[in-house]
Structure formats: C-alpha cells, structure tokens
Amino acid sequence: MSGPTGRVGQVGDGPVVVVGGGVVGLCTAYYLAAAGLSVEVVERGDLGSGASRGNAGWVCLSHSTPVPAPGVVRYALRSLGRPDSPLYLRPLPDPAFVRWLWRFWRSSTPAAFRRGYTAIAELNRDTFDRFDELREAGVRTTLTRPGMVHAFLSAAEARRHLAVQREMADGHYRLPEDVTTGDEARLLDAALTPGVRAAYLVEGEGVVDPEAFARGLGQALAASGVKVHEHTRITGFRTAGGRVRALRTGQGEIPCQAVVIAAGMSSPALLGLLGRRLPLQAGKGYSFSVDLDPAPRHTLYFGERRAVASPIGATTRIGGTMELSGNNNRLDWRRIVAVALASRHYLGNWFDDPDDLVTLIRDPWVGGRPFLPDGLPVIDRVPGHDNAYAATGHGMLGITLGPATGHELAEYVRTGTRPHTLRPFRFDRRYG
C-alpha cells in the first residue's frame, strides 16, 4: 500500500492516473505500466492533440538548451512591434505576465544558463537509449537519425555558432572540427540553396513524426491494458490526509493511488485545484507542412533566422518563432508568413508571393509550448500531497525529453525516492 513517503503499490492498489495525453504524459504512463502499476490516462481532447502535434519532431542533443540565455531579453525587446521577428514579445496588461518576464530576465545570465544546460544534458544523456527501448518493446516511435545540418548565410556567424556550441557540448555529443564554406556548404543537404554560405553537420541527431509517435504510444498503452479517457475534463480532486483519493470529471470520479499532472498549458489550472501555483507561460510556436523538391534529407536549423525544417514522412515541416503573447492558441497568419519568408533564405524561392501560401502549405499550426521562467521543466512531487506529481514546462523539448522524463518520473512514483537527475527540476525551486 502507499506509504507516507509517497511510494505507490502494485496492481490492485488502484490506478496511477496520468492527466495529459501528450508525449510527456504518454511516456510517463508507458513506464509506469511497464513497472507493473495499474495506470489510466485522462486527456481533455485526443491523444497527442496539443503541443505534441505540430512541432518539428526533433530528438536532439545539440539544441537541448534553456530558452533564457545571455542576450535573449535584449533580442526580445527589439521585437516589440515586429510580428515578423523570430522572437516576438507582445506585452500584456497582466501582473503575472510582467512577473514572469522579470524572472525570465533574471534567468538569462551566463551562470543560470550553464546550470540549466547541465541539468538538461544530464536528463538527456540516455535519450536515444530510451527511444531504442521503446522501439524494441514494439512502440512505433518513427525515429530516424539523419543528423542535423546547421545552415548559415555567413561563414563568420556559422563559426561563432559552432564555437558556442562546442563550449556547451562539453563532450556530450560530437561536433565537426570546422564549418563547410562556400559552394560546398549547400552540398551537405540538396535542399539548401546557393545563398547558404556556411554549414556544418551534427551527426546522429534524430527526428520523429510527433503525431505518429503519440499514436504509437497510445496503441502500446492500450495493448498493455491501460485505460485511456479521451475528451474528459478534470473538474476537481477529492483529497484527504494530504493525498489525492480521486479525480472528479464530468463523467464521474476516477479513484487513484497517485496522480501525475502532465497536461502542458492546462497544468497550472489543475495544480491550482490542489492549492499550488506554477508560473507557466505559453511560448507559442508555428509550423506548417509543404512539399519541396528537393526535400531535406536532414533536420535543418536556419541559423540567422532561427527557423527549422524537418523531413516528416513524405513532407517537410517548417517551423519556428517564439511568441510570448499570453496563454492562448490564436493563430496569427503573419507569423506563418514570417516563418515561410525566413525559410526562403535557405531553401530558395519555393513560393513567389505570400498570398500563394494559402494554397501551397498544409496544416498551419500554432501551439502553446509550456515555459517556466528559468526554461526548465518541473518533474517532481507536488508539495503538500504525498501522491501527486507534476511533469510540465518542457517548452520545445517535449519530444526529446519525453521518454527520459517518463522513465525517471515513473521510478520516482514507484519508489518514492527522487532520482538524482530530477533534482534540478524541483517544484519548489526559485524560478529566476
């Protein structure tokens, strides 16, 4: 039976209920079930329909960094009034938003960035092993590892970026000795145009189809007997003695032996029902799919414009931007156009006029990626509740860190002892 340390029992002791059907929640449910626990999943929409759906699908080490970084606030301030900027800040008359920005600024020092990067790198250490585990267990991860090409319009900028990346990598992943310049740069990937004057390849970086990956996890959960409640909203919790006893929904109560809140931007409201506040803001990202000829063979990072492209199935997904404009999913078409225009510097004139985009692109998407001010997720027990846990705030790293988060958090739930890799992701830390 569950004890005062938060350790949960085995099958027959009631289910561990995971709230959230994105990649982080589904991976957590998978590893809990693999450990022999009874598990149920509650999702307010369809599995994988939130921020997991339209992202670039990267599984990478070379871009697993906190967003708060030296210079990022200055860059954001220059974006005021410029909806075409890669990082777009639209201030809101909301004291909570202002406090969040203040904490974000305080987290943008070199020392804070280094601490955050080190914490993510440690959690990320076994990421590809985790994906291999899932594949060997029959989960259709869709992972391929074509490598990532970093493309630049300037050799000087490429070398500056590579130098910074080499300093951060610190042996966690391999980097080339130098950049490839001139006409040879675009030969790293046939989709690049002559405007690309420098590039380098980070071998082994991966990409998944995020929707297909979420479906594969859902199928694996169903095959293992995990009950999934889709289109189900949590309205409250029944608690007693510092423990969550049941989740209240519009369809009735779901008794539980433990609960994991992994609901992305819905997490603050759910945690509020447990009397806890979490300063999450939506870092809105945009993407769309398009058929290119030639299509990229690698994942691509467009250095100066901070946009990306990924080969996903038979199409290319182009994405980018970070928009801080409140917790909403309003799609600003100007941001789609900005991403498309940015990509033309590296992929050529695949469209002539922005008006053509309406017919050329598919699945224009905006997603509210959950960010805490220090850029790190929370993966911890909820203070004041022995059997409630939170796994949210992964920002742009939900796909990369999903399996690692699920594996470590499942161990925490099962044993009641926090793995050392999760110490930097405590709920009660200072957020800037």
For the residue pair [X] and [Y], establish whether any side-chain heavy-atom pair is separated by less than 4.5 Å.
| X | Y | result |
| --- | --- | --- |
| Leu143 | Val207 | no |
| Asp46 | His231 | yes |
| Phe113 | Thr65 | yes |
| Arg114 | Pro110 | no |
| Val42 | Val18 | no |
| Thr299 | Cys60 | no |
| Ser224 | Tyr30 | no |
| Leu101 | Phe97 | yes |

Taking all atoms of both residues into account, what is the closest heavy-atom pair of [X] and [Y], and its distance?
| X | Y | result |
| --- | --- | --- |
| Gly25 | Ala262 | CA-CB, 3.8 Å |
| Pro403 | Tyr31 | O-CE1, 3.5 Å |
| Pro210 | Gly57 | CD-CA, 4.1 Å |
| Ala112 | Ser107 | CB-O, 3.4 Å |
| Asn329 | Gly368 | OD1-N, 3.2 Å |
| Ser310 | Ala56 | OG-O, 2.8 Å |

Would you please say whether a donor-acceptor pair under 3.5 Å links the side chains of [X] and [Y]?
| X | Y | answer |
| --- | --- | --- |
| His407 | Asp126 | no |
| Tyr200 | Gln165 | yes |
| Asp332 | Tyr286 | no |
| Glu122 | Thr421 | no |
| Glu304 | His345 | no |
| Thr405 | His394 | yes |
| Ser62 | Glu205 | yes |
| Trp58 | Thr400 | no |

SB check [X] [Y] (cutoff 4.0 Å):
| X | Y | value |
| --- | --- | --- |
| Arg362 | Asp291 | yes |
| Asp132 | Arg135 | yes |
| Arg248 | Glu253 | yes |
| Arg115 | Asp374 | no |

Exercise for review: Starting from the C-alpha separation in whole Å, work towards a yes-or-no answer on side chain to side chain contact (heavy atoms under 4.5 Å, CB included) for Leu347 and Ile318.
Suggested key: CA-CA 11 Å; Leu347 298 175; Ile318 298 175; 3.9 Å; yes
Practice item. Evaluate the criterion side chain to side chain contact (heavy atoms under 4.5 Å, CB included) for residue pair Met148 and Val308; output intermediate values, then yes/no. Key: CA-CA 10 Å; Met148 180 184 297; Val308 305; over 6 Å; no
For [Y], is there any backbone N or O sitting under 3.5 Å from a side-chain donor or acceptor partner on [X]?
| X | Y | result |
| --- | --- | --- |
| Thr232 | Glu230 | yes |
| Asp386 | Arg243 | no |
| Thr28 | Val24 | yes |
| Tyr117 | Met168 | yes |

Spacing of [X] atom [atom1] and [Y] atom [atom2] [to the nearest 0.5 Å]:
| X | Y | atom1 | atom2 | value |
| --- | --- | --- | --- | --- |
| Phe371 | Leu280 | CZ | CG | 10.5 Å |
| Phe152 | Tyr346 | CZ | OH | 7.5 Å |
| Ile379 | Leu123 | CD1 | CG | 5.0 Å |
| Asn124 | Leu397 | CG | CG | 7.5 Å |
| Thr315 | Leu292 | OG1 | CG | 9.0 Å |
| Lys284 | Glu323 | NZ | CD | 4.0 Å |

Exercise for review: For Leu221 and Val39, run side chain to side chain contact (heavy atoms under 4.5 Å, CB included): C-alpha distance rounded to whole Å, both residues' side-chain angles, the deciding distance at 0.1 Å, then the answer.
Suggested key: CA-CA 9 Å; Leu221 291 173; Val39 181; 5.9 Å; no
Review point. Are Arg317 and Phe288 in a cation-pi contact, defined as NZ or CZ under 6.0 Å from the six-membered ring centre and within 45° of the axis?
Key: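 Cation-pi check for Arg317 and Phe288: fails.
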Exercise for review: Just do the side chain to side chain contact (heavy atoms under 4.5 Å, CB included) check on Thr239 and Phe237 with the steps written out, would you?
Suggested key: CA-CA 6 Å; Thr239 63; Phe237 299 93; 4.2 Å; yes
Review point. What residue among Val19, Ile234, Val17 forms side-chain contact (heavy atoms from CB on, under 4.5 Å) with Ile254?
Key: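 One option only clears the test, and that one is Val17.
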Answer with yes or no after comparing the ring centroid distance for [X] and [Y] against a 6.0 Å cut-off, counting only values under it.
| X | Y | answer |
| --- | --- | --- |
| His385 | Phe427 | no |
| Phe213 | Phe131 | yes |
| His150 | His298 | no |

Point to revise | Enclosure of Arg429 CZ (heavy-atom neighbours >12, cutoff 6.0 Å) | key: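 Result for CZ/Arg429: enclosed.
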**Study point:** Worked verdict on His229 versus Glu43 for side-chain hydrogen bond (donor to acceptor under 3.5 Å, both in side chains)
**Key:** CA-CA 6 Å; His229 307 262; Glu43 163 58 39; over 6 Å; no
